[in-house]
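Below is one structure, written out as structure tokens; the observations come after it.
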Amino acid sequence: MATSTSIDSATLAMPKGVSLWDDAWLRLRKNKLAMFGLGFLLLVLVLCLLTPWIAPYSYEEQDLRLGAAAASAEHWLGTDTFGRDLLTRILYGGRVSLLVGFVATAVALLIGVTYGAIAGYAGGKVDAAMMRFVDILYALPFMIFIILLMVVFGRNLVLLFLAIGAIEWLTMARIVRSQVQNLRQQEFVEAAMSLGLSPVAIIVKHLIPNALGPIIVYTTLTIPNVMLLEAFLSFLGLGIQPPESSWGLLISYGVETMEEYPWLLIFPGLALSMTLFALNFLGDGLRDALDPKASRD
Amino acid sequence: MWRFVGLRTLQAIPVILTVITVTFFLVRAAPGGPFSSEKAVSDQVRAALEAQYRLDLPAYQQYFSYMADLFQGDFGPSFNFPSRSVNELIFQGFPVTLELGLYAMLIAVLIGIVAGVFASLKPNTLQDYMPMSLAMIGICMPSFLLGPVLVLVFGIWLDWLPVSGWGNSAGDKLLPSITLGAMYAAYIARLSRSGMLEVLSQDYLRTARAKGLPEYIVILKHALRGGLLPVVAYLGPAFAGLLSGSFVVETVFQIPGLGRFYVQAAFNRDYTMILGTTVFLATLIVVFNLLSDILSAWLNPRLRYQFRK
């Protein structure tokens, strides 16, 4: 959306210069879809963080006499075949889904930014070799490798974080590298060098903060990818294992009984889709706000 | 052009070798031998079995003999179905997966390009927002959710289409193909929209219009070629995604394809089958990425010049 050119009167009337972040926030605030995404996401985050205190029932609580029942005043979203409250299960499942989304993205962020910054800063042959390696990794069919990893080393959560993080860092590395490469030519970096700052200090204090915009945008767009991957693996039975639960796992249970109890598929599905929606809208909005020149694909 | 093709092909070879090597040693690193979970067998039987699968040799010898077999197109026997080779299982399952993948790709490309081009002709109007909102839904609705929902609505509630199977009853190929293709249709729609928007503002299109060409020729002949470049570049990764997506779709719709075999092999810890399928699929994906790159270079001469040093 082309909101980049519209600097409204409020901006102009400000006495002092507007920082990149103020400007971006103004632009983001005008994007209704992105603001909806942000709001929805905050709501989901708060609900999932507070789950142990606000969930209407406890995680293990069963009511076998009730069985799978449709929505009612006691159970807002109905119950599953063991008579467990679906809303409670969705909230607890959301904790795991979001946890995987954020932690695996953090892993990807850490590897990608470090790798990209080093390649971009070093330049020359080091850069060429490092990016060649990324190109080779890009060509590997990672989905198959993750399935392989989960089969070979058992299905544990830490491995899942690492495996997903290990795929998703590639694009981040490319983005950071090209940013750092451009920034490196500028005078403030030269000044920092002549002051005798170490390369590490220059990267951490000067280069990365200036590349933060694209990093934030791409991070927001990585989280839904990661959550999708986790749900995909859990659906196949290769991700999160019971008694833990996640939205992917709830959907796969829902599929088994969807003929008789469709709500067991529909509500967890809605939870996942809506969250992915919100993250994508927010990511697109942030891209338009922080990086108006970048194209939307 | 031939130089590009040659160099790009040479690049693919180390990738394929890496895939085979990594997969081989990963599978070998799995805790517990393939026969350790079976009911107790006598030492003699175990030795015979291990000799049959060459597990008595040191790892590097196993590796080289596996590579030697691979170059002759032999994936070895399956652990779970000792009477059948991995080759047989692959060639039984792959045609089904390929057919499913092709239908899905056809749906993705046709719907995606039409929707994307349609949206790009009148940006920021209803004609743009409608297909793009649908595309957003397509991206946020993963196949393992879309498939069951389609089955629920069209298979069970409306009872229009069969809920599972492949080639057994009329129309049973429709839902799996749509399920698999939907997400890629959405991506392709977004890619072709942004690609077209970029091209539509360029000078050579103004020239084409100034020559008095009718609008449909301007769009179809001049704009599409440049505007669809991102889509062509995406076809390789999309194919890879379709193959791994087929794991889910084949499981949901109980289609006897390679994806379902792979997931079953994963659960049964059928190591030779996992190894063989991984190598097969990975090679295929690398080859498709290669073809997609060559096609992009053929359409976009600028890419070729990067290789002329």
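First the proteins, then the strands, lettered A, B, ... as listed; each starts at 1. Values in this document were obtained by computation on a predicted structure and should not be read as measured data.
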#### Entry: Sequence-distant partners of B:Phe94, ring pair (Phe, Tyr, Trp, His ring centres under 6.0 Å), two or more places apart
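With neighbours one apart ignored, the set is B:Phe280.
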
### Task
Could you tell me the separation between the CG atom of B:Leu281 and the CD1 atom of B:Ile90, rounded to the nearest 0.5 Å?
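B:Leu281 atom CG to B:Ile90 atom CD1 measures 7.5 Å (nearest 0.5 Å).
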
### Message
With rounding to the nearest 0.5 angstrom, report the CD1 to OG distance, A:Ile223 to A:Ser97.
### Response
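It is 13.0 Å, given to the nearest 0.5 Å.
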
### Message
Testing the basics here: between B:Leu180 and B:Gly245, what is the closest heavy-atom pair and its distance to 0.1 Å?
### Response
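Reported closest heavy-atom pair: CD1-C, 3.6 Å.
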
What part of [X] lies closer than 4.5 angstrom to a heavy atom of chain A: side chain, backbone, both or neither?
| X | value |
| --- | --- |
| B:Tyr234 | neither |
| B:Val149 | both |
| B:Thr23 | both |
| B:Ile274 | side chain |

### Message
For A:Arg174, give me all partners under salt bridge (Lys or Arg N to Asp or Glu O under 4.0 Å), at least two apart in sequence or on another chain.
### Response
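Checked A:Arg174 against salt bridge (Lys or Arg N to Asp or Glu O under 4.0 Å); matches are A:Asp135.
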
### Message
Less than 4.5 Å to any heavy atom of chain B: does that hold for the side chain of A:Leu228, its backbone, both, or neither?
### Response
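Contact with chain B: backbone and side chain both.
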
### Message
Is A:Leu272 in contact with chain B via its backbone, its side chain, both, or neither, using a 4.5 Å heavy-atom distance?
### Response
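Contact with chain B: side chain only.
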
### Query
Using a cut-off of under 4.5 Å for heavy-atom pairs, which of B:Val263, B:Leu290, B:Ile16, B:Ile137 has the most such pairs with chain A?
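The option with the most such pairs is B:Ile137.
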
### Task
May I ask you to decide if the ring planes of A:Phe277 and A:Phe281 are parallel, tilted or perpendicular, using 30° and 60° as cut-offs?
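Parallel.
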
